[in-house]
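I have placed the structure first, in the form of structure tokens, so that the comments after it can refer back to it.
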Amino acid sequence: MCCHCIMAANCKNPRPKAGAYRRFLSLVFVTLVGVLLLVVLLGTNSVSNFVSRSPIESSVKDLRPRYNNSSDYRLILNLPKQSGLSIQLEKLNQLRPRNTDLYPKLAKNHITIVLYVHNRPQYFKVVVESLSKVVGISETLLIVSHDGYFEEMNKIVEGIKFCQVKQIFAPYSPHVFPDSFPGVSPNDCKDKDDAAKKHCVGNPDQYGNHRSPKIVSLKHHWWWMMNTVWDGLKETEGHTGHILFIEEDHFIFPNAYRNLQKLATLKPKICPDCYAANLAPSDVNSRGENWDSFIAERMGNVGYSFNRTVWRKIHTKAREFCLFDEYNWDITMWATVYPSFGHPVYTLRGPKTSAVHFGKCGLHQGHGDKGACIDNGAVNIAVEDVDKVVNINSKWEVRFSENQPGYKAGFKGWGGWGDERDRALCLKFAEMHHFKSTDSVPSSDD
């Protein structure tokens, strides 16, 4: 029905000017409604996706939307059925950091510290004591990542009062599943069992050995932790700077934090080819060269740090990481992930160590039957005056260490990681905070 007919039904003698005015108002109204509807339908997702990303993240092509709630990824990825303890640990991961009443604000340029642990309380106490004396420690957030739940380890964390501290627990740790995968299943193959003859479950590694949950937990925990810290925590989602990673047997010197802040600031200027900054040499037995220069070498596994851009590069290599038959995360990185970048991966450090590896027993030996891993329950590491203050000079040159010894491309791995279930779980960890995407990924030069 035309506008004239509608108006004629309501007034006998409409005036031409009034009719034109009403037609104009109707047109404006319809236009406004259409525009608002378009904003509602199209604008919501694009706006919400934009504001949820930090500036550095929005430029990286492989970012994908977060899941709507914490249970989505379990259903979509078909993760193992959780035990009661696993569910409880996942709830604990949602708790806010402790000590926010003592340290309500983090420093603007803080470097988050992640300390990953299993069950060596004697070692853990030494590390925590060393951290308590680190200059600047109160400015930052300490995240303690647990592989399994052990009450004595938990009590040590509860006693930390020198900074904000957050605990996270790997909910799919083999140590949390006593009767099923990823722990020990009743019908799992063991040692060099023949699966066909024994009618057991599992794939052997390249040396014919079947999985050991105690051994594979090393690599599972590290990969779960990395994906969680970078992509799964509210406390770090806007963090664009470096994150420092240390273990429960790394003694940290008082100057470590300030040295690292300086290294992270200088790195893009004096060593643009460096991916990371290290507190210690890649040779764990070395205390440094004491030269008047920086050293650029392969990334070490004691006190290493990098930023979100580097993590994104690592994350794109999930298949290389998860499918390589090697149970050690660090050897996997050296032998397959870093070489896949197409060029040397250097880390920048000072000529004198700011962290020391003191462990005498393996990460997952725990207490054992022989008591403490540290002789007499103590460790004797000399801390000199030079270790208490910043001891690097921004005017130094950088010495590059080439043709370094150690694991590199071509090494076939020590095995221990041949079971398809472990490989699949590892790949699921890479996706647990992201929807699957066919978007192109950035090149190593992006």
Side-chain angles (χ1 to χ4, degrees), residues 103 105-115 126-143 160 162-165 239-247 249-307 310 346-358 379-401:
Y103 312 98
K105 291 185 179 181
L106 301 173
K108 186 177 181 180
N109 64 336
H110 75 277
I111 295 175
T112 298
I113 302 173
V114 176
L115 169 58
V126 173
V127 177
V128 169
E129 176 65 18
S130 73
L131 282 172
S132 71
K133 299 176 182 178
V134 169
V135 178
I137 192 68
S138 63
E139 301 173 5
T140 190
L141 169 67
L142 172 66
I143 299 174
I160 295 175
F162 50 78
C163 67
Q164 285 191 27
V165 58
H239 187 75
T240 57
H242 278 227
I243 293 181
L244 169 66
F245 296 91
I246 58 178
E247 293 185 27
D249 58 356
H250 293 173
F251 185 95
I252 311 301
F253 288 160
N255 65 1
Y257 188 74
R258 294 294 187 227
N259 271 352
L260 186 59
Q261 284 182 313
K262 199 161 188 177
L263 286 169
T265 301
L266 290 171
K267 181 168 65 68
K269 304 173 185 176
I270 66 175
C271 189
D273 292 330
C274 288
Y275 277 62
N278 254 87
L279 292 177
S282 60
D283 178 359
V284 296
N285 296 315
S286 171
R287 298 299 176 91
E289 302 81 359
N290 288 316
W291 298 335
D292 289 335
S293 65
F294 294 101
I295 292 89
E297 63 176 3
R298 76 167 187 167
M299 197 184 304
N301 57 9
V302 177
Y304 55 97
S305 70
F306 49 84
N307 60 24
V310 173
Y346 289 105
T347 187
L348 184 70
R349 65 171 173 86
K352 185 173 175 60
T353 189
S354 290
V356 174
H357 175 269
F358 63 83
V379 58
N380 296 315
I381 296 177
V383 178
E384 303 172 0
D385 289 342
V386 70
D387 301 317
K388 299 177 181 179
V389 295
V390 174
N391 56 8
I392 56 177
N393 190 327
S394 59
K395 296 181 180 180
W396 287 343
E397 65 175 7
V398 179
R399 293 193 186 187
F400 284 82
S401 297

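No hydrogens, no waters, no symmetry mates; every other heavy atom, side chains included, goes into these values. Throughout, residue positions are numbered sequentially from 1 according to the sequence presented.
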If I compare all heavy atoms of [X] with all of [Y], which pair ends up nearest, and what's the gap?
| X | Y | value |
| --- | --- | --- |
| S401 | E297 | CB-CB, 4.0 Å |
| V356 | R287 | CG1-NH2, 3.6 Å |
| L263 | A277 | CB-CB, 4.0 Å |
| N278 | R349 | O-CB, 3.3 Å |
| K388 | V135 | O-CG2, 4.0 Å |
| K133 | P254 | O-CB, 3.5 Å |

Would you mind reporting whether [Y] and [X] have side-chain heavy atoms less than 4.5 Å apart?
| X | Y | value |
| --- | --- | --- |
| L142 | Q164 | no |
| F358 | V284 | no |
| I113 | I252 | no |
| V128 | I160 | yes |
| L115 | L131 | yes |
| D249 | H357 | yes |
| P351 | N290 | no |
| T353 | S286 | no |

Checklist outcome for this item: Between L260 and the options L244, N255, I392, T265, the side chain to side chain contact (heavy atoms under 4.5 Å, CB included) test singles out L244
Item to check | side-chain contact (heavy atoms from CB on, under 4.5 Å) assessment of L279 paired with V302 | outcome: CA-CA 7 Å; L279 292 177; V302 177; over 6 Å; no
Next on the checklist: With a 3.5 Å distance limit and no angle check, can you tell me whether N259 reaches the backbone of K262 through a side-chain donor-acceptor pair?
Outcome noted: no
Next on the checklist: I'd like to know if E139 pairs up with R258 as an ion pair, taking the criterion as any Lys NZ or Arg NE/NH1/NH2 lying under 4.0 Å from an Asp or Glu carboxylate oxygen.
Outcome noted: yes
Next on the checklist: Can you tell me how the ring of W396 sits relative to the ring of F294, calling it parallel under 30°, perpendicular over 60° and tilted otherwise?
Outcome noted: perpendicular
Checklist entry - For the residue pair F251 and F253, does the interplanar ring angle fall in the parallel (under 30°), tilted (30 to 60°) or perpendicular (over 60°) class? => result perpendicular
Next on the checklist: Is a donor from one side chain sitting under 3.5 angstrom from an acceptor on the other, for D292 and N393?
Outcome noted: no
Next on the checklist: Checking side-chain polar atoms at under 3.5 Å, does H242 have a donor or acceptor matched by the opposite partner on S305?
Outcome noted: yes
Working to the nearest 0.5 Å, report the span between [atom1] of [X] and [atom2] of [Y].
| X | Y | atom1 | atom2 | answer |
| --- | --- | --- | --- | --- |
| N301 | H250 | CG | NE2 | 6.0 Å |
| L141 | I111 | CG | CD1 | 13.0 Å |
| M299 | L348 | CE | CG | 11.5 Å |
| T140 | Y257 | OG1 | OH | 4.0 Å |
| K267 | D273 | NZ | CG | 10.5 Å |
| Y304 | S282 | OH | OG | 14.0 Å |

Checklist entry - Would D387 and K352 count as a side-chain contact (heavy atoms from CB on, under 4.5 Å) if you check the C-alpha gap in whole Å, the side-chain angles of each, and the deciding distance to 0.1 Å? => result CA-CA 9 Å; D387 301 317; K352 185 173 175 60; 3.2 Å; yes
Checklist entry - Are the aromatic rings of F162 and Y103 close, with centres under 6.0 Å apart? => result no
Next on the checklist: Centre-to-centre under 6.0 Å for Y346 and Y275, is that the case here?
Outcome noted: no
Checklist entry - Going through the checks in order, is the side-chain contact (heavy atoms from CB on, under 4.5 Å) test met by E289 and R399? => result CA-CA 11 Å; E289 302 81 359; R399 293 193 186 187; over 6 Å; no
